[in-house]
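Read through the structure below, which is laid out as structure tokens, and then see the notes.
Residue numbers begin at 1 in each chain, while the letters A, B, ... track the order of the sequences. Quick note: numbers below take in every heavy atom, side chains included, and nothing from hydrogens, waters or symmetry partners.
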Number of protein chains: 2
Amino acid sequence: MKKNTGGRPRRRRDPDGTRLAILEAAGTLLAKDGPEGLSVSQVAQLAKVNRGTAYQHFQTREQLVEATTVWVSEQLCQSVFGKTAAGKNADGKLTPEEQAKLADPRGGVIEHMTQFAMANPELGRAWMFQVLSSPQPANDPFWKLYRHLFEGFVQTDSAQPGIDVDVHTVLMIIGTFLWPVWARAHTRTAKEREQMAERFTNEIVRLSMYGTMRPEKYPELAARLVKGAPGKPARTAAKKATKKVAKKPAARKGRGAK
Amino acid sequence: MKKNTGGRPRRRRDPDGTRLAILEAAGTLLAKDGPEGLSVSQVAQLAKVNRGTAYQHFQTREQLVEATTVWVSEQLCQSVFGKTAAGKNADGKLTPEEQAKLADPRGGVIEHMTQFAMANPELGRAWMFQVLSSPQPANDPFWKLYRHLFEGFVQTDSAQPGIDVDVHTVLMIIGTFLWPVWARAHTRTAKEREQMAERFTNEIVRLSMYGTMRPEKYPELAARLVKGAPGKPARTAAKKATKKVAKKPAARKGRGAK
DNA sequence: CTGATAATCAACATCGATGTTGAGTCACGG
DNA sequence: CCGTGACTCAACATCGATGTTGATTATCAG
């Protein structure tokens, strides 16, 4: 008993396309409002899809958020690492090519990440929201992959000794994705943004090579570092990370009927 | 015509205390849900205050969020920097003591920040949400203060040449506040958390002193760095930051009556 | 061409959140 | 001792968001 009275023409039937449209819209809004701020209505509106259709693809708001976060993470993995070095070499050793790729500021992972982050600030932001909201940020596939690559580099003799892999993963990943947020606020043209990206990779490389402090100016600090900090060995310390698969359902705030 | 029928006993009259309770509750929830996920109802419930009371202190949800963010930032400034080095020496030059304080890993700003961040992961998280949601992250007082201090350090001869202050500010601030999020997920006892804090400061100091890559392994990279990147001078480049005070009202999603 | 399948959508019932109002209650100054 | 004003709170009206249902229609297999 329902004719298509006015309104926009019925959407062409294309399940996968619709699903993708919904995910993209959800990603955009995720970047704007965070996981708790996301509403199915807004997503549907932005995706130019009836809200009911969204519920056809994702049974509940929670599931939509969930699906969107893994989709975002997949996008990141895909775009930054491609299918190269995805699963193989899981023993922690890098092939020489991978090691070179990681370190090289031209065409290496760092530049790749920065480029992608600058080009897709929304995805990066959405991903950060997700990380901030997750009880186990390090379970994220992108996070794991990056950490794995970097750990491989650390074990080569091109790396300085005593690097803490986890601290570095936090610094690099987060920095790379937050930089575009900062840079957006200080640029107007695409050209400027390109310069910002370069500025970031340059500084990362500079930092990686020389740090920020002149060691000769801090003799006793340097002495303390070589023999390790008082309380701890200060080694790479990849600590097995108390697994504890706490997968709580996390009852939603309370909106909606039955 | 309203008696106190059942319910909890009326709250003792204490405006400032109430206001503070609301702000603290709001801060906690801000850390959990982000600015868009914050609801006045939840805040009131957590603060053990009637929802109407919250509206007495903050006319609207938006204003509550706003007030909470500035409060969080103030807490941060207060706790990390104290009232030392707040406004004076705004010319960018650090006194020798300040410079020493900044750099010293024992009792310096870095350790201070890390300690505070580890002790108050919620505040840090709330602050990060805020930064992520703000169109102008660098306008945050805490951000400005940290940047100012670091810039002072960069201009001393204890610093390596060519440091990009903005990139560093992003890395350090964000890293410091995200580290506790990661660390929380991997620790159980307070002792462990203390070690995590130390691990972070140690790595920051190590990174600052030696970087991650052995320069001798990357001769042509090193050569490129000293004479600057091809496209740009790659100098300190503190770029005057297009002020543009875009203070948009940012119309709320649309809940609520009239 | 035709019936089955499933994607799309409008409408419904329900609920929580917002912001407002007016009544109760405490504290303090005169 | 008694207002006066600030503070606290319950109840109201309204609106948007959720999740469900059943009608409609595009697409495909036979």
Can you check the B:Leu20 CG to D:dC7 C1' distance for me, whole Å? 17 Å
Selection from D:dC9, C:dC12, C:dC9 that lies nearest to any side-chain heavy atom of A:Val49: C:dC9
Under 4.0 Å between a side-chain N/O of B:Ser41 and OP1 or OP2 of C:dG16, yes or no? no
Whole angstrom is fine here: how far is it from CD in B:Gln45 over to P in C:dT18? 12 Å
Integer-rounded Å distance: C:dA10 C1' and A:Lys48 NZ: 19 Å
Side-chain N or O of A:Asn50 versus OP1/OP2 of C:dT8: is the shortest distance under 4.0 Å? no
For the pair made of CD in A:Glu62 and C1' in D:dA17, what is the distance, rounded to whole Å? 14 Å
Whole angstrom value for the distance that separates C1' of C:dT21 from CZ of B:Arg51: 12 Å
Please determine whether a side-chain nitrogen or oxygen atom of A:Thr53 lies at a distance below 4.0 Å from atom OP1 or OP2 of C:dC9. yes
Geometric class of the B:Phe142/B:Trp127 ring pair [parallel <30°, tilted 30-60°, perpendicular >60°]: perpendicular
Length of the CD-C1' vector between B:Gln59 and C:dT21, whole Å: 16 Å
If you check every side-chain atom of A:Gln56, which of D:dA11, D:dT18, C:dT8 has the closest atom? C:dT8
By nearest heavy atom, map A:Arg19 and B:Gly52 onto DNA chain C; which one lands nearer the 5' end? A:Arg19
Is it the case that the base of C:dG19 and the side chain of B:Arg61 share a donor-acceptor contact (distance under 3.5 Å, atom types as modelled)? no
For A:Thr18 and C:dT8, is the shortest distance between a side-chain N/O and OP1 or OP2 below 4.0 Å? yes
Closest approach to the side chain of A:His57, judged atom by atom: which nucleotide of D:dC12, D:dT18, C:dT8 is it? C:dT8
Look at the side chain of A:Pro15 and decide which nucleotide, out of D:dC7, C:dA17, C:dA7, has an atom nearest to it. C:dA7
Might you confirm whether atom CD of A:Glu194 has over 12 heavy atoms from other residues, nucleotides or ligands at distances under 6.0 Å? no
B:Phe58 CZ to D:dT8 C1': how many Å, rounded? 15 Å
Between CD of A:Glu36 and P of D:dT18 the distance, given in whole Å, is 12 Å
Does a donor on one side chain and an acceptor on the other come within less than 3.5 Å for A:Trp179 and B:Asp166? no
All heavy atoms of A:Leu64 vs all of A:Ala26, minimum pair found to be CD1-CB, 4.3 Å
Among D:dG19, C:dT20, C:dA17, the one nearest B:Tyr55 by side-chain distance: C:dT20
Is it the case that the side chain of B:Asp164 and the backbone of B:Val167 share a donor-acceptor pair, with hydrogens and angles ignored and the cut-off at 3.5 Å? yes
